[in-house]
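To start, the structure itself, in structure tokens.
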Amino acid sequence: MQTPRTKIVQALRLDPPQTGLRVKGWLRTLRKSKNVVFFEVNDGSCFASLQVVCAPELANFEEIGHLTTGSAVEVVGELIASPAKGQRVELKATEVIIVGRADASYPLQKKRHSHEFLRTIAHLRPRTNTYGAVFRTRSRLAQAIHAFFGERGFFYVHTPIITAGDCEGAGEMFNVTTFDVGDPARTEGGAVDWSEDFFSRQAYLTVSGQLNGEAFALGLSDIYTFGPTFRAENSNTPRHVAEFWMIEPEMAWCDLDDDCTLAEAFVKHLLKAALEDCAEDLSFFNSWVDKGLIKRLEHVVSADFERMSYGDAVKHLEKSGRSFEFPVHFGANLQAEHERYLTEEVVGRPLFVTDYPKEIKAFYMRRNDDGRTVAAMDLLVPKIGELIGGSQREERLDVLEATIREAGLDPELYAWYLDTRRFGTAPHAGFGLGFERLLMYVTGMENIRDVIPFPRTPRNCDF
Ligand code: 4AD
Ligand code: MG
């Protein structure tokens, strides 16, 4: 019987000598001389590769010497203490099986490739150091998210991906239809007859699971969603994608203050998880992607996040003496340049900006007593800007009906949502954290396209 395969992450931790070890992976580099071939094999289970040493006694020694980068191999051998510098152990091969060759046109050769180039081969970039590290970190943080909420008694709710309503009221939705787009059913007047479509109404990909999440919070108290969300916004920036993953907790019996407190604990928990569980990958990012990364993350874990009202934030911006591209005044949307100035220069750490003017925020946010602001919060962090958007929700039926109308939305479409206020309404609050923005923050990667496996952006849906 064959010995089972050992993953390289485990092999590298074993105490040598160990005979009959079997590893499987992809060849990264190879050096040869007359009497020996060295190659590095990586299986993605950890950052490091395993050095394999081949002697001329191997039956296919010649062939091994001609192996090229990217080839898939299976190696059996003895794990020994490495006599050379650079690695603690190495594998003295007794058998090398060539499983899948990669010819010389393999695009990942042993040089640094630009992120832009690697985006064009997104199907191969998981085999690189950088993207292996990014996607291991992504996976571990997804698990840390579930652990955080699980420990606090939150229930994980799978909100629908296809919806009829527009949660944000911003009209940035992708249509979902089974119509032949060239020949949809039409009414006698010639308009598209959605009653004939699959759902007998217009349907979309969701922009947020929040409204459904609220219905569950008003029954299970503390819930969260974690799933893909879609925005048909035509923004080509390093911080926007059309399909992204969002974590949305929703808590009954909570106000805006409690909401910020949870968000702060959540972000700190995730940064700590990254520092502890992804130390090897983070250390790579710290050396090669973003020099002060680890220090910055450690600082954030121990710092108190600042809180400031939108009104005060605007005052800081007005007296900054900076000439921003977008002028700022009470009522203006904060742009990335403003957000970064506030969090990087004014406070030097993560900052909650709260109580925005009602005109620039969504209909579901709770009206403050001043009549002109809402109980909203955005968490701004250095280098990224907005990481989280959240609010206390409008729980008063009459006020919510009015704000839906004011936003130009059809209350009919929100009838079920209004029911939650009609029957046993209760104060509640929640937020949404953009998972890719968090990953940019944790890895130091500067483009959101490089922290999601296959990015979808305007004019790009490859792979
Ligand atoms: O601020 P947003 O639009 O808030 C909501 O969707 C609320 N319903 C959340 C809630 O209260 N439950 O989005 C939340 C976060 C942003 O702070 C940002 O991190 C991320 O989602 N985000 C995007 N990430 C990548 N690409 C985009 N196009 C994004 N739009 C928002
Ligand atoms: Mg927002």
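Order of appearance sets the numbers: ligands from 1, and atoms from 1 within every ligand. Computed from a predicted model, the values in this text were never measured in an experiment.
Interatomic distance, CG of D255 versus CD of E395, reported as 10.5 Å (0.5 Å rounding).
Residue G389 has at least one heavy-atom neighbour below 4.0 Å for each of these atoms of ligand 1: 1 (O), 9 (C), 10 (C), 11 (O), 17 (O). Distances below 4.0 Å separate heavy atoms of I448 from the following atoms of ligand 1: 25 (C). Taking every heavy atom of R239 and a limit of under 4.0 angstrom, the matching atoms of ligand 1 come to 25 (C), 26 (N). Within ligand 1, counting atoms from 1 as listed, the ones closer than 4.0 Å to a heavy atom of I388 are 17 (O).
In terms of protein heavy atoms, atom 5 (C) of ligand 1 is closest to E168 OE2, 3.3 Å. For atom 14 (C) of ligand 1, the nearest protein heavy atom (residue, atom name, distance) is M246 SD, 3.4 Å. Protein heavy atom in closest approach to atom 15 (C) of ligand 1: G432 O, 3.6 Å. The single protein non-hydrogen atom nearest to atom 6 (O) of ligand 1 is R231 NH2, 2.8 Å, given as residue, atom name and distance. Of the protein's non-hydrogen atoms, F244 CZ, 3.5 Å is the one closest to atom 31 (C) of ligand 1.
If you check the side chains of Q202 and N175, you find a donor sitting under 3.5 Å from an acceptor. A side-chain donor-acceptor contact under 3.5 Å links T178 and D197.
Of the residues listed (F463, F454, Y131), the one engaging H123 in a ring-ring contact (aromatic ring centres under 6.0 Å, His included) is F463, and it is the only one. Paired with R396 under the rule side chain to side chain contact (heavy atoms under 4.5 Å, CB included), one option of E401, R421, R367 passes, and it is R367.
Take a cut-off of 2.8 Å around the Mg ion (ligand 2): the protein N, O or S atoms inside it are E386 OE2.
Heavy atoms from other residues, nucleotides or ligands lying under 6.0 Å from CZ of F216 number 12 at most. For R140, the CZ atom counts as densely surrounded, since its 6.0 Å shell holds more than 12 non-hydrogen atoms of other residues, nucleotides or ligands. With a 6.0 Å radius and a threshold of 12 heavy atoms from other residues, nucleotides or ligands, E446 has its CD atom at or below the threshold. More than 12 non-hydrogen atoms from other residues, nucleotides or ligands lie less than 6.0 angstrom from NZ of K268.
At a 4.0 Å heavy-atom cut-off, ligand 1 touches F431 through the backbone alone. Neither the backbone nor the side chain of W245 comes within 4.0 Å of ligand 1, counting heavy atoms alone. Residue D378 does not touch ligand 1, judged by heavy-atom distances below 4.0 Å. For L387, every heavy-atom contact with ligand 1 shorter than 4.0 Å involves the backbone, none the side chain. With a heavy-atom cut-off of 4.0 Å, R437 touches ligand 1 through its side chain alone.
The residues R125 and D450 are annotated as salt-bridged, a charged nitrogen and a carboxylate oxygen being separated by less than 4.0 angstrom.
Between atom 17 (O) of ligand 1 and the options E386, E436, E172, the minimum heavy-atom separation is to E386. Distances from atom 11 (O) of ligand 1 to the heavy atoms of M365, R393, E248, R456 put R393 nearest.
Geometrically, R119 does not engage F117 in a cation-pi contact defined by less than 6.0 Å to the ring centre and at most 45° from the axis. F363 does not carry R405 over the face of its six-membered ring by the limits of under 6.0 Å from the centre and within 45° of the normal.
Remark: distances from the non-hydrogen atoms of G390 to ligand 1 include one below 4.0 Å. At least one heavy atom of Y364 sits less than 4.0 Å from an atom of ligand 1. Residue contacts with ligand 1: E250 is excluded, as none of its non-hydrogen atoms falls under 4.0 Å.
Here the side chains of I247 and F266 are in contact, with some heavy-atom distance below 4.5 Å. Looking at heavy atoms from C-beta onward, F352 lies in side-chain contact with E264 at the 4.5 angstrom threshold. Annotation: side chain of C260 is in contact with side chain of R307 (closest heavy-atom distance under 4.5 Å).
Not a single N or O atom of H240, backbone or side chain, sits closer than 3.5 Å to an N or O atom of ligand 1. Residue V241 has at least one nitrogen or oxygen atom sitting less than 3.5 Å from a nitrogen or oxygen atom of ligand 1, judged on distance alone. Geometrically, ligand 1 and G434 share a nitrogen or oxygen pair separated by less than 3.5 Å.
With sequence neighbours excluded, the residues satisfying ring-ring contact (aromatic ring centres under 6.0 Å, His included) with Y341 are F324.
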What verdict does the side-chain contact (heavy atoms from CB on, under 4.5 Å) test give for Y441 and V300, after you've listed the backbone C-alpha separation in whole Å, the side-chain angles of each residue and the deciding distance to 0.1 Å? CA-CA 11 Å; Y441 194 48; V300 171; 3.2 Å; yes
